[in-house]
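These notes are about the structure you will find just below.
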Amino acid sequence: MTATVPALDAGITTMTYRDALREAMRDALRADERVFLMGEDVGRYGGCFAVSKGLLDEFGPERIRDTPLSESGFVGAGIGAAIGGMRPIVEIMTVNFSLLALDQIMNNAATLLHMSGGQCNVPLVIRMTTGAGRQLAAQHSHSLEGWYAHIPGLKILAPATVDDARGMLQPALDDPDPVLIFEHGSLYGMDGELTDSWSSCSISGAAVRRAGTDVTLVTYGGTLPKTLDAAGVLADEGVSAEVIDLRSLRPLDDRTILESVARTHRVVIVDEGWRSGSLSAEVSARIMEQAFWELDAPVTRVCSAEVPMPYAQHLEQAALPQVDRIVDAARDVLKGDG
Amino acid sequence: MTATVPALDAGITTMTYRDALREAMRDALRADERVFLMGEDVGRYGGCFAVSKGLLDEFGPERIRDTPLSESGFVGAGIGAAIGGMRPIVEIMTVNFSLLALDQIMNNAATLLHMSGGQCNVPLVIRMTTGAGRQLAAQHSHSLEGWYAHIPGLKILAPATVDDARGMLQPALDDPDPVLIFEHGSLYGMDGELTDSWSSCSISGAAVRRAGTDVTLVTYGGTLPKTLDAAGVLADEGVSAEVIDLRSLRPLDDRTILESVARTHRVVIVDEGWRSGSLSAEVSARIMEQAFWELDAPVTRVCSAEVPMPYAQHLEQAALPQVDRIVDAARDVLKGDG
Amino acid sequence: MTELDRTHVLELLTDMLRVRRFEEACVELYSAAKIRGFMHLYIGEEAVAAGALRALEPEDAIVATYREHGHALLRGVPAASVMAEMFGVVEGCSRGRGGSMHLFDAATRFYGGNAIVAGGLPVAVGLALADQMSGREHVTACFFGDGAVAEGEFHECMNLAALWQLPVLFCCENNLYAMGTALDRSESQTDLALKAAGYEMTAWAVDGMDVLAVESAMTHAVDAVRNGGGPCFLEFRTYRFRAHSMYDPELYRGKDEVAAWKEHDPIAALQARATEEGVVSQADVEDIERTIADEIASAIAFAEAGHLEPVEDLTRFVYSEAVAR
Amino acid sequence: MTELDRTHVLELLTDMLRVRRFEEACVELYSAAKIRGFMHLYIGEEAVAAGALRALEPEDAIVATYREHGHALLRGVPAASVMAEMFGVVEGCSRGRGGSMHLFDAATRFYGGNAIVAGGLPVAVGLALADQMSGREHVTACFFGDGAVAEGEFHECMNLAALWQLPVLFCCENNLYAMGTALDRSESQTDLALKAAGYEMTAWAVDGMDVLAVESAMTHAVDAVRNGGGPCFLEFRTYRFRAHSMYDPELYRGKDEVAAWKEHDPIAALQARATEEGVVSQADVEDIERTIADEIASAIAFAEAGHLEPVEDLTRFVYSEAVAR
Ligand SMILES: Cc1ncc(C[n+]2csc(CCOP(=O)(O)OP(=O)(O)O)c2C)c(N)n1
Ligand SMILES: Cc1ncc(C[n+]2csc(CCOP(=O)(O)OP(=O)(O)O)c2C)c(N)n1
Ligand SMILES: [Mg+2]
Ligand SMILES: [Mg+2]
């Protein structure tokens, strides 16, 4: 179920990740009147990160609905509205504030279908910004998508390209169950090519963003650009690194990972989450379980330091995964035959 | 830093896990007037699981403080009271409701010390019941201690014996930083020996609960009894299984695990959490990173099925780790030389 | 006091007695370990569900708590499938996956069965939002206890409902205790209707032990909400005769207090008044009891004959089956 | 209106001008990328912190939000260490780990600097609980905005404080907007003092643009709280002259509205009245401005000369250093 990598001959337009997200919402709002966007400052303010800018004028305050600061209340309202037949897109300003709505997400959105014996599915989409890197300090820099990927009943997406930012929303809305979309704050301004393939976007598979034969670099979201840069640096050293973008954090696409391991026999996982208990641990454990005998070296991880994110730029950058650390890790697994 | 296993000649008394927890609180309340217990129904009701039963009579409603149903409010109040010089023990009735207080735990308790540049430590102890097995269904059966073990700034304990139930509270209260104690609901009624060693209880290390040479079974909390039973079954088959009780989920005691792996070269991790993204993944990833070349077979995991816990007894039991599944997993890793 | 109508009284008595006898049977079945987990009895509070649900239309929605046996039965969920649910068999209204705390029936828009205190309120607000945005004149009735009022979610939902003028009816079952915590140890403002009015919504308190008072208050409120008057809040003052759950030693209240409230048993009260006014006879009640006894007996038989869901189906309904996993 | 006292006026003017000029300097430093991250300006709201903090004693505690430069400065945190903090150097009041949103100073019991809306309220309630249980007659002043009132934590904390009669003073800085969301699109009840009174605590609204009104209201409230009267709630009606943060295009309000409010600039207002009454001269103000300019200049110089914490120390302060890791 590997998602196809854009065909090179596909028609090309360039836009930012932010604009791609907005266009996706515009299409969905035009196509289905059950769809509406609800969240803090999505309307008159134009969206905390300007993602929904302009939508209020086109769709009005009913469908581009500003909410009070009541994360648990309006996320739960999105759940109820979904059960009531709507197709809500709930925006939580950032993952940091999603903790206030976690009870609703875990105990209602993810649970109602099973608890009701299959009667109450929740066709809800929740979008939120995640990640660090902009000196927003300890309360505004979390990467908790790995936590959400632990919850049965949810599907977790992490668009890392303009195509995925443009394409993932519609299949997420078409899904009968709750889908959470994590947008890394450092990607909004990223310019990228929009290929024709976005419209056939799959939300169930990982993507090989760069083919390689010597080592597999597994990542997702905000660390994809850094990982691709690292692959470039390695290429200059004659090392052929394959880069896998998980895209879907739940379910995880084991097959794409295992096929790559069968090619390279060496793996580095890059994850902006705090190392202990991050998604990278699950990926490592699955490779252990399903490809142990394929490995020529232990799987290693490049994650964030286990510290509340400091404000000072040099400390924050030191805490986050960086190109050089990814390159070093790859070099180590390459000489890691012990 | 392995915690010492009780000496066999130590003076023995028998009590339940529940009584051990209560006696620990009673001692702490008597020894230090800054200590108080706060939570839902800890006083007049006698504690949802009768852990605090009788304490109200001895210490009064100020120090055995019933709170309204306001998890975020009273957990945050515990944080403030700790900064203000008290030594609060906050009881969250169950981990399921702790989601409502997670913002306070993550963004304040775990973060204030670092965010303030070392000025505001939070000497707070939070106790809560965790786990499934009593047919309480999807909203009352979570095992989320692995999530809390992801948070820098917290220490996470999982007492699984009467000694630890009796001994872990005081060192937790003496710790200048927030400590969370997870009590598995199925252990409260467990009778056990209280040895003299409880009073010298360490909260930083794992314990080898049963020595063995063929395979290492790593677990903690509610699955320790099942894992010890599995080791017994294996012994009857001539398999010598070593059982490690993590005791502290953050920080993890890598050394005790690695020393055991060096002896057995085979590992099964038993964790009641949902498999994907559970603590078992982190333990597996660490063994991958630090003991890959020691392994004679891939590390495997026995976890809970990835489903909101069903009410029906046969389905719930099928979802949870069981002795036979642990035994089977051990047998598999033993023939796992591929 | 207006005169009583015979058929009306017989219906109300039947509704309340069905719930009472059903739960009395549940107690025995719990002791016999046929029913497990947490079970919360509504005994003493029957007038609230009986009076309130009569005022709702089939297209209206209901969100309740873990103390919802009565609401489910009176909404029309068959006693057999409720009992089967508590037995954990696949014939149950939630296929045995929910149990006593999670009774669901989408067909009657009965949305549970929610066991996180105040956790159902946001869902109710959302159901009402969907109705409002779709121009449907439905009402969503949300039941919760006095303890829920202290939760942040209560505050957020009251404000959202009032701010957006949503067609939701908040039904607070104030039985004076949240487990062992008395209302005055939980709320600085114990007049809950007054507290609700502070959100700029119509709110008033009703004698929850008087089924007729409940029904008429609810009828007015439902009309107001349905006609676009925005949300409403009703505080039903009632009392739980039994323990909070099957594990509660009841250290927090005196036998005398309980006994005093039992003097106001909603069923006995209505029956007494109706007999006095001569609209209902002892024989009528005996007929009702007999019918109910039969209904419950067959419900138990149905549950006993139920089937356990195959273990292979454990992970069904984690995701919808429409899409391939 | 009572006559103005010269020294008093000079102090108030100095306090407000210190905050105003300090933040004006911050704007330039932000453009120069010396200050990064989120920065929220208090410009226009200075009368609130200036009037309020004067009423507090050194042993009282303060909990503030991410819009707290003024509160920190007026609490006595040196401008130099606040500026150093925003430069991210180790000489900063939070060692450069907190930045603009997380100014801390345990010495003056200034507990931040909290960037989760309403997240500081539970901490304030706990600080007050500790004082109450220890029999200390301290007051905890908790500052937060109008937007925080919609959060569940606000509700839980108001109730806890009133229920337990805690010595906490809730200071709501109502500047009419939560980012781009106007109060009437956030609250069904826009009279926040009235809303607070619903929790059974003394509450009233004050003209937050009049530093003298703020000071006297705060003085009364602090006395009441300190003398065991339980919690108090003050709504300071004020206005933010600048954008919410440095990234806000201000699409949600008109220039005219902002201009109208600037007519009530708290600094200009006090200066005008004081000059009129002849208690303060233009020369006085020039003196003040000169002193402040010097203070800020040396604060910037101090920050510029600051040192980056060694990267090896990245993981310090995750846990206390007393215990071995
Ligand atoms: C958020 C949360 N906290 C605690 C509990 C445990 N609990 C279950 S019922 C209950 C009491 C609720 O009282 P009330 O709302 O008055 O309803 P009642 O049981 O009286 O009908 C508590 C504390 C819970 N289920 N959810
Ligand atoms: C829980 C939470 N939700 C959202 C945000 C993002 N945010 C930061 S400030 C703010 C507006 C707060 O407005 P108000 O409380 O009135 O304070 P003001 O900024 O006006 O001083 C928002 C929505 C946050 N920091 N915390
Ligand atoms: Mg109650
Ligand atoms: Mg504001």
Side-chain angles (χ1 to χ4, degrees), chain C residues 116-123 125 128-129 132 144 146-168 170 172 178 181-203 205 225 229-233 235, chain D residues 116-123 125 128-129 132 144 146-168 170 172 178 181-203 205 225 229-233 235:
Chain C
I116 301 296
V117 170
L121 276 74
V123 175
V125 164
L129 176 62
Q132 184 190 60
F144 54 90
D146 48 290
V149 173
E151 292 282 2
E153 281 180 329
F154 168 84
H155 174 72
E156 296 185 1
C157 292
M158 293 291 285
N159 182 50
L160 281 175
L163 185 68
W164 294 344
Q165 288 295 291
L166 300 176
V168 57
F170 295 100
C172 180
T181 304
L183 184 60
D184 61 6
R185 285 194 291 262
S186 173
E187 290 294 325
S188 60
Q189 168 55 272
T190 54
D191 184 334
L192 302 182
L194 183 62
K195 187 173 189 106
Y199 292 89
E200 297 285 280
M201 75 173 73
T202 314
V225 173
C232 237
F233 178 99
E235 175 194 351
Chain D
I116 301 296
V117 170
L121 276 74
V123 175
V125 164
L129 176 62
Q132 184 190 60
F144 55 90
D146 48 291
V149 173
E151 291 282 3
E153 282 180 328
F154 167 83
H155 175 70
E156 296 184 0
C157 292
M158 293 291 284
N159 182 51
L160 281 175
L163 185 69
W164 293 344
Q165 289 294 293
L166 300 176
V168 57
F170 296 100
C172 180
T181 304
L183 184 61
D184 62 5
R185 284 194 290 263
S186 172
E187 289 295 324
S188 59
Q189 168 56 272
T190 54
D191 184 333
L192 302 182
L194 183 63
K195 188 174 189 105
Y199 292 89
E200 297 285 280
M201 74 173 74
T202 313
V225 173
C232 238
F233 178 99
E235 174 193 351

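- By the 30° and 60° cut-offs, the orientation of the rings of H155(C) relative to H155(D) is parallel.
- Interface check for chain C: of the options Q165(D), E153(D), R185(D), M158(D), the most heavy-atom pairs under 4.5 Å are formed by R185(D).
- With rounding to the nearest 0.5 angstrom, the OG atom of S186(C) is 6.5 Å from the CG atom of N159(D).
- At a 4.5 Å heavy-atom cutoff, the contact between D184(D) and chain C is made by backbone atoms alone.
- Taking NZ from K195(C) and CD from E200(D), the interatomic distance works out to 8.5 Å, rounded to the nearest 0.5 Å.
- Distance check: E187(D) CD to L163(C) CG gives 7.5 Å after rounding to the nearest 0.5 Å.
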